[in-house]
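Note sheet for the following structure.
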Amino acid sequence: MRLDDAGVQRKLQLQELEEIRNDAYESSKIYKERTKAFHDKLISRKEFVVGQKVLLFHSRLKLFPGKLRLRWVGPFLVVKVYSHGAVDIESPKTGKSFKVNGHRLKPFYEGFQSTDIDVMALKPLPVIE
């Protein structure tokens, strides 16, 4: 084979390799977009209102893991909600206010108090011998 023909053949091989690489990049990009859309669809959006009670995720607990330690502290009161997802919360015990990411919060549900309780006296069943 002559050197000129070999050089042309090599350039064609390199161009084919570049096309294959570009196709792989495009298919990877499409896959990532679909995966992100699927993931984002499953994320539940949290919306907080001023005056709502919330719990705060205690992220420092990861440094000292313990089976029985609580990962959520609180309750805190929501003071202000920002459009970009940050939330100002205030501790009712200390009165201190600070800004946290909304992803670290979850709503606090107080215990249910039922006022209508029916009390029934149960009679023992007769013993059949």
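Quick note: residue numbers are just sequence positions, from 1. Here the structure is a predicted model, which is why all the values come from computation and not from measurement.
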Is the backbone of [Y] close enough, under 3.5 Å, to the side chain of [X] for a donor and an acceptor to pair up by distance?
| X | Y | answer |
| --- | --- | --- |
| E26 | D23 | no |
| K80 | V87 | no |
| R71 | F57 | no |
| S28 | A24 | no |

Legend entry - Closest non-hydrogen atom pair between H103 and K46, with its separation: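 Scanning both residues completely, I find the closest heavy atoms to be O-NZ, 3.6 Å.
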
Legend entry - Heavy-atom closest contact (P92 atom, P75 atom, distance):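 Heavy atoms of P92 and P75 come nearest at CD-O, 3.4 Å.
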
Interatomic spacing from [atom1] in [X] to [atom2] in [Y] - rounded to 0.5 Å:
| X | Y | atom1 | atom2 | result |
| --- | --- | --- | --- | --- |
| L12 | L17 | CG | CG | 12.5 Å |
| E47 | Q52 | CD | CD | 10.0 Å |
| F76 | K93 | CZ | NZ | 8.5 Å |
| N101 | H84 | CG | NE2 | 8.5 Å |
| L77 | D88 | CG | CG | 12.5 Å |
| Q9 | R2 | CD | CZ | 13.5 Å |

Legend entry - L42 atom CG, over 12 foreign heavy atoms within 6.0 Å: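 Enclosed: over 12 neighbouring heavy atoms sit under 6.0 Å from CG of L42.
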
Inset, instruction - Answer yes or no for K99 and Y82: cation-pi contact, defined as NZ/CZ to six-membered ring centre under 6.0 Å and angle to ring axis within 45°. - result: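 Judged by the rule, K99 and Y82 form a cation-pi pair.
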
In the structure I gave you, are the side-chain heavy atoms of [X] and [Y] within less than 4.5 Å of one another anywhere?
| X | Y | value |
| --- | --- | --- |
| I89 | V100 | yes |
| K29 | E33 | yes |
| V54 | F48 | yes |
| F98 | L56 | yes |

Inset, instruction - May I ask you to say whether R21 pairs ionically with E18, meaning some side-chain N is under 4.0 Å from a carboxylate O? - result: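 Yes, charged N to carboxylate O under 4.0 Å.
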
Inset, instruction - Indicate, with yes or no, if L105 and L55 share a hydrophobic cluster defined by side-chain heavy-atom contacts under 4.5 Å among Ile, Leu, Val, Met, Phe, Trp and Tyr. - result: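 Different hydrophobic clusters.
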
Legend entry - same_hphob_cluster(W72, F108) at 4.5 Å side-chain heavy-atom cutoff: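 Same cluster.
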
